[in-house]
Amino acid sequence: MKTVGYLIEGVQTVAVSGSLDTEVTEIQLDNRKVQAGNMFVAMCGTQVDGHDFIPGAIQNGASAILCQKMPEQKVEGVTYVQVADTNYASGRIATRFFGNPSEKFELVGVTGTNGKTTIATLLYNMMRAMGYKCGLLSTVCNYVDGEPVPATHTTPDAVTLNRLMGRMADEGCKYVFMECSSHAIHQQRIGGLKFAGGIFTNITRDHLDYHGTFDNYLKAKKMFFDALGKNAFMITNLDDRNGLVMAQNTKAKVLTYSLRSMADFKGKVLESGFDGMLLDINGREAFLRFIGQFNASNLLAVYGAAVSLGHDPLKVLTVMSTLVPVNGRFDAIRSPKGFTAIVDYAHTPDALTNVLTTIVQVLDGKGQIITVCGAGGNRDKGKRPIMAKEAVKYSDKVVITSDNPRFEEPEAIIADMLAGLDNREMSKVLTIVDRRQAIHTACMLAGPDDVVLVAGKGHEDYQDVKGVKHHFDDHEVIRETF
């Protein structure tokens, strides 16, 4: 059993009221889940203030409260710990409560705008193929070795994160790979974790609804690498203009990967088709079942991380040749009519451009590209017209439709996207609010050798409308159309 005194050791406190010998049976961020003997953490969230729920937590049996604002009315027998930042403190406390799990395996974090899920998942699959027990924390799903644990955020809160890692340590996992979102880094959800290594993929406009400016977004990502220890490695993408900026203040050993310039892990695409690519990595060739320059870049990061973890380069390449794409990332489905439909999670201008330019290269003028895309509601509005413009630039026809409208009207989101187009560009565009009908229409327009790209949702099997998640899977709708 852990005491409050043990849990807050090393955490700078503002004030403490009550006994440090109070025992803590569990840590909770949701007052509704609090049971007898739990510590309730009052977070200052962007939507609600956890301090408002302290009375409810105590009523449910909380023995300790971690807070930023000390309550005026205190309940006898409850220990109150005031800190300057509950985001910062909760990570450290959760790490101690669950037995410092990240010290019991090799933890590698992946951050950047695009490629996080692919890289983390491929590393997880690769190491399991090599016979190791592994953990994965990703947008699509979390895994404790082979057991799936549904994911609700790219990076869970600090308590959920450490609880999962505790399970991974108990299962004997040798490696754990995790996506580190900018929100999680900024909110210090990964505080207190010990990383063996970190990977930077790229950075383009995203999440400005949260960060406000691109500079703030960049700084949030950079915080992850600034915090790496001297015994860790950092692998950064030289093909991104901010790749070396990310490495400026890190204490970790810096390694680089690139498709364009000399690097520790240098790659070149020799041949490419819709069935895969022949990739040269550091002078060795391998056929890999992935498509496009952006995937070649992701694979270099995977190779670099595996080698940095001490594995033989030739064995790494051999196992890489058996890997398959992650669900919802450039998933190609062949139509009986002779065209190819591709489902991809691309939901930023840069990601959409990467996917479309890859299709252009592989098609080599032998077919048309019909793109179905939208934009998420209650997110960065500035990227909407940019996405529409990129879609039109590389496509022969574009069907603009609904994505996850959340609490916005789909028609208003579509109008924001269309605002970025001139009359000539508009001549390529259809607008169909109903996503199912939009996908049906795009497939009906396609002929032999054409490609239909359905972008934006990828692995998601729902559509978020007015706070309700309705079942919707782009893959299913495409097959239904076929």
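Just so you know, residue 1 is the first one in the sequence shown, and it goes up from there. Given the structure is predicted, the values throughout are model-derived calculations rather than measurements.
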message: I'd like to know if Arg436 pairs up with Asp434 as an ion pair, taking the criterion as any Lys NZ or Arg NE/NH1/NH2 lying under 4.0 Å from an Asp or Glu carboxylate oxygen.
response: no
query: Is there a side-chain contact between Asn87 and Met43 (heavy atoms, below 4.5 Å)?
result: yes
field: Ring centroid separation Phe339 to Phe482 under 6.0 Å
entry: yes
query: Are Leu270 and Met277 side-chain neighbours, meaning at least one heavy-atom pair lies under 4.5 Å?
result: no
query: Ignoring hydrogens and geometry, is there a side-chain-to-backbone donor-acceptor pair from Glu179 to Ala120 under 3.5 Å?
result: no
- request: Heavy atoms only: give me the nearest Thr201-Asn237 pair and the separation to one decimal.
  value: O-ND2, 2.7 Å
Close side-chain approach of Pro313 to Phe265, heavy-atom, < 4.5 Å: no
- prompt: Which atom names give the shortest non-hydrogen contact between Met234 and Leu228, and what distance separates them?
  reply: CB-CD1, 4.2 Å
query: Using a distance-only test with no angle check, is there a side-chain donor-acceptor pair under 3.5 angstrom linking Asp350 and Asn114?
result: yes
- prompt: Hey, does the side chain of Thr118 reach the backbone of Gly115 with a donor-acceptor pair shorter than 3.5 angstrom?
  reply: no
- line: d(Leu323 CG, Thr121 OG1) to nearest 0.5 Å is 11.0 Å
Considering all heavy atoms, the nearest Phe407-Asn378 contact: N-OD1, 2.8 Å
field: Other residues, nucleotides, ligands: >12 heavy atoms within 6.0 Å of Tyr88 OH
entry: no
message: Tell me whether Ser321 contacts the main-chain N or O of Ala286 through its side chain, where contact means a donor paired with an acceptor under 3.5 Å.
response: no
- request: Could you tell me whether Lys253 atom NZ has more than 12 heavy atoms of other residues or ligands within 6.0 Å of it?
  value: no
message: Which label fits Phe195 and Phe224: parallel for a plane angle under 30°, tilted from 30 to 60°, or perpendicular past 60°?
response: perpendicular
message: Nearest 0.5 angstrom please: Ile432 CD1 to Ser402 OG, how far?
response: 12.5 Å
message: Nearest 0.5 angstrom please: Asp240 CG to Tyr257 OH, how far?
response: 8.5 Å
Val343 and Ile478, any side-chain heavy atoms less than 4.5 Å apart: yes
- request: Begin with the C-alpha distance, continue with both residues' side-chain angles, and end with the deciding distance and a verdict on side-chain contact (heavy atoms from CB on, under 4.5 Å) for Ile386 and Thr348.
  value: CA-CA 9 Å; Ile386 304 172; Thr348 66; over 6 Å; no
query: Just checking, is any N or O donor in the side chain of Tyr394 or Thr371 under 3.5 Å from an acceptor N or O on the other one?
result: no
- prompt: Salt-bridged, Glu408 to Arg384, with N to O below 4.0 Å?
  reply: yes
field: Donor-acceptor contact below 3.5 Å, side chain Thr236 vs main chain Gly243
entry: yes
- request: Apply the test side-chain contact (heavy atoms from CB on, under 4.5 Å) to residues Arg167 and Glu147: give CA-CA distance (whole Å), side-chain angles for both, the deciding distance (0.1 Å), then the verdict.
  value: CA-CA 11 Å; Arg167 287 179 58 189; Glu147 181 189 345; 2.9 Å; yes
Derivation of the side-chain contact (heavy atoms from CB on, under 4.5 Å) call for Lys133 and Met168: CA-CA 9 Å; Lys133 287 190 171 187; Met168 292 169 184; over 6 Å; no
message: Please check if the number of heavy atoms outside Lys466 that lie under 6.0 Å from its NZ is greater than 12.
response: yes
Side-chain donor or acceptor of His471 paired with backbone N/O of Asp461 under 3.5 Å: yes
field: Carboxylate-amine/guanidinium contact Arg128 Asp145, below 4.0 Å
entry: yes
query: How about Lys428: does its NZ atom have over 12 heavy atoms from other parts shown lying under 6.0 Å from it?
result: yes
message: Do His459 and Arg329 have side chains that approach each other closer than 4.5 Å (heavy atoms only, starting at C-beta)?
response: yes
query: Any side-chain heavy atom of Thr358 sitting closer than 4.5 Å to one from Phe330?
result: yes
message: Rounded to the nearest 0.5 Å, what separates atom CG in Asn142 from atom OH in Tyr124?
response: 10.0 Å
message: Apply side-chain contact (heavy atoms from CB on, under 4.5 Å) to residues Leu107 and Met165 and explain how you reach the verdict.
response: CA-CA 10 Å; Leu107 175 62; Met165 286 191 174; 3.7 Å; yes
query: Just checking, Lys457 and Tyr462: is the charged tip under 6.0 Å from the six-membered ring centre and within 45° of the axis?
result: yes
query: Relative to each other, are the rings of Tyr132 and Tyr175 parallel, tilted or perpendicular (30° and 60° limits)?
result: perpendicular
field: Side-chain donor/acceptor of Asp331 to backbone N/O of Ile342, under 3.5 Å
entry: no
- prompt: Distance only, no hydrogens: is a donor on one side chain within 3.5 Å (strictly under) of an acceptor on the other, for Lys222 and Asn242?
  reply: no
From OH (Tyr143) to OG (Ser138), nearest 0.5 Å: 8.0 Å
message: Quick check: closest heavy atoms across Ala301 and Ile119, and the distance to 0.1 Å?
response: CB-CD1, 3.7 Å
query: Between Asp450, Leu430, Val452, which is the residue that forms a side chain to side chain contact (heavy atoms under 4.5 Å, CB included) with Leu445?
result: Leu430
- request: Using the side chain to side chain donor-acceptor pair (under 3.5 Å) rule, pick out the option among Glu460, Arg379, Gln463 that qualifies with Asn404.
  value: Glu460
Donor-acceptor under 3.5 Å (Ser395 side chain, Val392 main chain): no
field: Arg289 side chain to Thr322 backbone, donor-acceptor under 3.5 Å
entry: yes
field: Separation between NZ of Lys266 and CG of Asn282, rounded to the nearest 0.5 Å
entry: 9.0 Å
query: Does the side chain of Asp403 come under 3.5 Å of the side chain of His347 through a donor N or O and an acceptor N or O?
result: no
message: When you compare the side chains of Gln293 and Asp239, does any donor N or O come within less than 3.5 Å of an acceptor on the partner?
response: no
- prompt: Asp264 and Leu255: which non-hydrogen atoms are nearest, and at how many Å?
  reply: OD2-CA, 3.3 Å
- prompt: Is any side-chain heavy atom of Lys194 closer than 4.5 Å to a side-chain heavy atom of Thr95?
  reply: no
message: Contact between Asp474 and Val477 at the side-chain level, heavy atoms closer than 4.5 Å - yes or no?
response: no
field: Shortest non-hydrogen separation from Cys373 to Met417 and the atoms involved
entry: SG-CE, 4.2 Å
field: Any donor-acceptor N/O pair, Lys397 side chain to Ile370 backbone, under 3.5 Å
entry: no
- prompt: For Met387, does its backbone N or O pair with a side-chain atom of Glu390 as donor and acceptor, under 3.5 Å?
  reply: no
